[in-house]
Peer 1: 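Pasting a structure below so you can have a look.
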Protein chains: 2
Amino acid sequence: MAQTLRIPRSDNRLPQILDEAARLFREKGYAATSMRDIAAAVDMLPGSLYYHFAAKEDLLVAVYEQGVRLITEKVRAAIARHEEPWHRLEAAAVAHLEALLKTGDYALVVIRVLPQDVPKAAARLVRLRDGYDALFAELVAALPLPPETDRQSFRLLLLGALNWSQHWFRDSGRHSPRSIARSFLRLLREAQQP
Amino acid sequence: MAQTLRIPRSDNRLPQILDEAARLFREKGYAATSMRDIAAAVDMLPGSLYYHFAAKEDLLVAVYEQGVRLITEKVRAAIARHEEPWHRLEAAAVAHLEALLKTGDYALVVIRVLPQDVPKAAARLVRLRDGYDALFAELVAALPLPPETDRQSFRLLLLGALNWSQHWFRDSGRHSPRSIARSFLRLLREAQQP
DNA sequence: CTATAAAGCAAACAGTCGTTTGTTTTGTTT
DNA sequence: AAACAAAACAAACGACTGTTTGCTTTATAG
């Protein structure tokens, strides 16, 4: 009677399912990835996935949640190491881009799969994103900018450019996520303090 | 014998097909849009579409081509009206964003549908995009920037931010595509010339 | 060792997908 | 009016979709 829930099996395969789902969602997109694709990747039968998730959209939401959590943690840890507002923003930009381009699949799903692609889960996905956006808004708010500077545009410019980098970034070149983020921030900073 | 091809019927419905395909591809994405969706939108039977296009991917490529052509024309016309490099770039940015956010479906398909979403047509789509990118590269090359400025990063920063705006822009607010583009450019310009 | 619940298998459901085929309608040209 | 091609219909093909159901395996708890 005291025991209401049994301890789940140790070799749980749920992490593996999430990993492969994240990989496939990011590679082919949500709609083009079938439950059978995911099942095959984890060497399972399609129906077995429904023991872990009630529907395909729920699997996406789970991946999405983990992606947002991962980016948020990386960014929070990075900015905690600095005091000066510009340094904090730069650290955040670097962490954000490294989470996207190096950590891999989970984070990329967050900016690759659009909420409108999954109508039934759109509200949940948007809520997850908004929480993260607020973090950057705070960082920009703390910057010592000229009073006439539009801080909202500033944030959208920076974050948009960072997110778009998924489309052209190739790991081969001399550019690293860190150098790209720094380069972007330098272009923005020099403009604001002569 | 002299006549090899008959003049096509005047009330051709091909433009209508492209219009609806563009609308649906931009609303739901490529994979989530079915040939039946498109056929229903133009009040046709699914099979009839195959008189105009050999495959779904070819329909996408046709929409994509028109989208790229549309943006390119708008931008070319806009920059032709200015001489000074910064003014030319600003005109291009405004035209680019207006093409995306006002002209509508065709242009948005170009930045919404990723080449990797359509493996069989990916090469064709990338080729179309690259031609356009070169246009912006020229504009940035003409700017009178300090010698240490990284012009490639400059271009990627601006274009990325512009393209990403599709995700947050809402037509309701005080912000217009024009004001956004100008705002972005001001943030970038002030940094480069004290 | 046995009871029990977690986890997965096996097989199918109804529906949708892109596409093909043969035929019919429609408009234009002569 | 006859000839002909453009354009669309009507109907189906096999493959694939997300999901459900009932049964079996497997590990843990008492």
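In what follows, chains are A, B, ... by sequence order, proteins preceding strands, each numbered from 1. Predicted model, so just to flag it, every value in this text is computed and none were measured.
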Peer 1: Could you give the OH-to-P distance, from B:Y51 to C:dT23, as a whole number of Å?
Peer 2: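 Rounded to the whole Å, the gap is 19 Å.
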Peer 1: Looking at C:dG8, I'd like to know if its phosphate oxygens (OP1 or OP2) sit under 4.0 Å from a side-chain N or O belonging to A:R13.
Peer 2: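 The answer is yes; a side-chain N or O of A:R13 sits under 4.0 Å from OP1 or OP2.
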Peer 1: Starting at atom CG of B:L49, determine the distance to atom P of C:dT20, rounded to an integer number of angstrom.
Peer 2: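 In whole Å, C:dT20 P lies 13 Å from B:L49 CG.
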Peer 1: Distance check: side-chain N/O of A:N12 vs OP1/OP2 of C:dA6, anything under 4.0 Å?
Peer 2: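 No, outside the criterion.
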Peer 1: Does A:D133 have any side-chain hydrogen bond (donor to acceptor under 3.5 Å, both in side chains) partners at least two apart in sequence or in another chain, and if so, which?
Peer 2: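 In terms of side-chain hydrogen bond (donor to acceptor under 3.5 Å, both in side chains), with neighbours along the sequence ignored, A:D133 is linked to no residue.
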Peer 1: Using the test salt bridge (Lys or Arg N to Asp or Glu O under 4.0 Å), find all partners of A:E57 that sit at least two apart in sequence or belong to another chain.
Peer 2: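 Result, salt bridge (Lys or Arg N to Asp or Glu O under 4.0 Å) vs A:E57: A:K120.
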Peer 1: Applying side-chain contact (heavy atoms from CB on, under 4.5 Å), can you list everything that pairs with A:D19, at least two apart in sequence or on another chain?
Peer 2: A:Y106
Peer 1: So with a 6.0 Å cut-off around CZ of B:R151, is the heavy-atom count from everything else above 12?
Peer 2: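 Yes.
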Peer 1: Starting at atom CE of A:M44, determine the distance to atom P of D:dT26, rounded to an integer number of angstrom.
Peer 2: 14 Å
Peer 1: Hey, are B:R124 and B:Y64 close enough side-chain-wise for a donor-acceptor pair under 3.5 Å?
Peer 2: no
Peer 1: D:dA6 phosphate, OP1 or OP2: any side-chain N/O from B:H52 under 4.0 angstrom?
Peer 2: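 Checking B:H52 against D:dA6: no side-chain N or O falls below 4.0 Å of OP1 or OP2.
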Peer 1: Could I get the full list of side-chain hydrogen bond (donor to acceptor under 3.5 Å, both in side chains) partners for A:Q152, not counting sequence neighbours?
Peer 2: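 With sequence neighbours excluded, A:Q152 shows a side-chain hydrogen bond (donor to acceptor under 3.5 Å, both in side chains) to no residue whatsoever.
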Peer 1: Rounded to whole angstrom units, what separation is found between the CD1 atom of B:I38 and the C1' atom of C:dT16?
Peer 2: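 The distance from CD1 of B:I38 to C1' of C:dT16 comes to 15 Å, rounded to the nearest Å.
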Peer 1: Residues two or more places apart in sequence or in another chain: which of them pass ring-ring contact (aromatic ring centres under 6.0 Å, His included) with A:H175?
Peer 2: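 A:H175 satisfies ring-ring contact (aromatic ring centres under 6.0 Å, His included) with no other residue.
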Peer 1: B:V42: what forms a side-chain contact (heavy atoms from CB on, under 4.5 Å) with it, not counting sequence neighbours?
Peer 2: B:R13, B:Q16, B:I17, B:E20, B:M44
Peer 1: Please report the distance, rounded to the nearest Å, between CG in B:D58 and P in C:dG18.
Peer 2: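 It is 14 Å, rounded to the nearest whole Å.
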Peer 1: Could you tell me how far apart A:L14 (CG) and C:dA6 (P) are, to the nearest whole angstrom?
Peer 2: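 Computing the A:L14:CG to C:dA6:P distance gives 14 Å.
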Peer 1: Roughly what angle, to 10°, lies between the helix axis at the start of the helix from C:dC1-D:dG30 to C:dT30-D:dA1 and the one at its end, five pairs per end?
Peer 2: 10°
Peer 1: Got a sec, which pairs hit ring pair (Phe, Tyr, Trp, His ring centres under 6.0 Å) with one end in residues 17-61 of chain A, sequence neighbours left out?
Peer 2: A:F25-A:Y30
Peer 1: Round to a whole Å and report the spacing from CG of B:L59 to C1' of C:dC17.
Peer 2: 15 Å
Peer 1: Whole-Å distance between C:dG18 C1' and B:L60 CG?
Peer 2: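 Distance, rounded to whole Å: 15 Å.
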Peer 1: With the side chain of A:L45 defined as its heavy atoms from C-beta on, choose the nearest nucleotide among D:dA10, C:dC9, C:dG8.
Peer 2: C:dC9
Peer 1: If a protein heavy atom is under 4.0 Å from the base, mark B; if only from the sugar-phosphate, S; if neither, -; do that for nucleotides 17-23 of chain D going 5' to 3'.
Peer 2: BBBB---
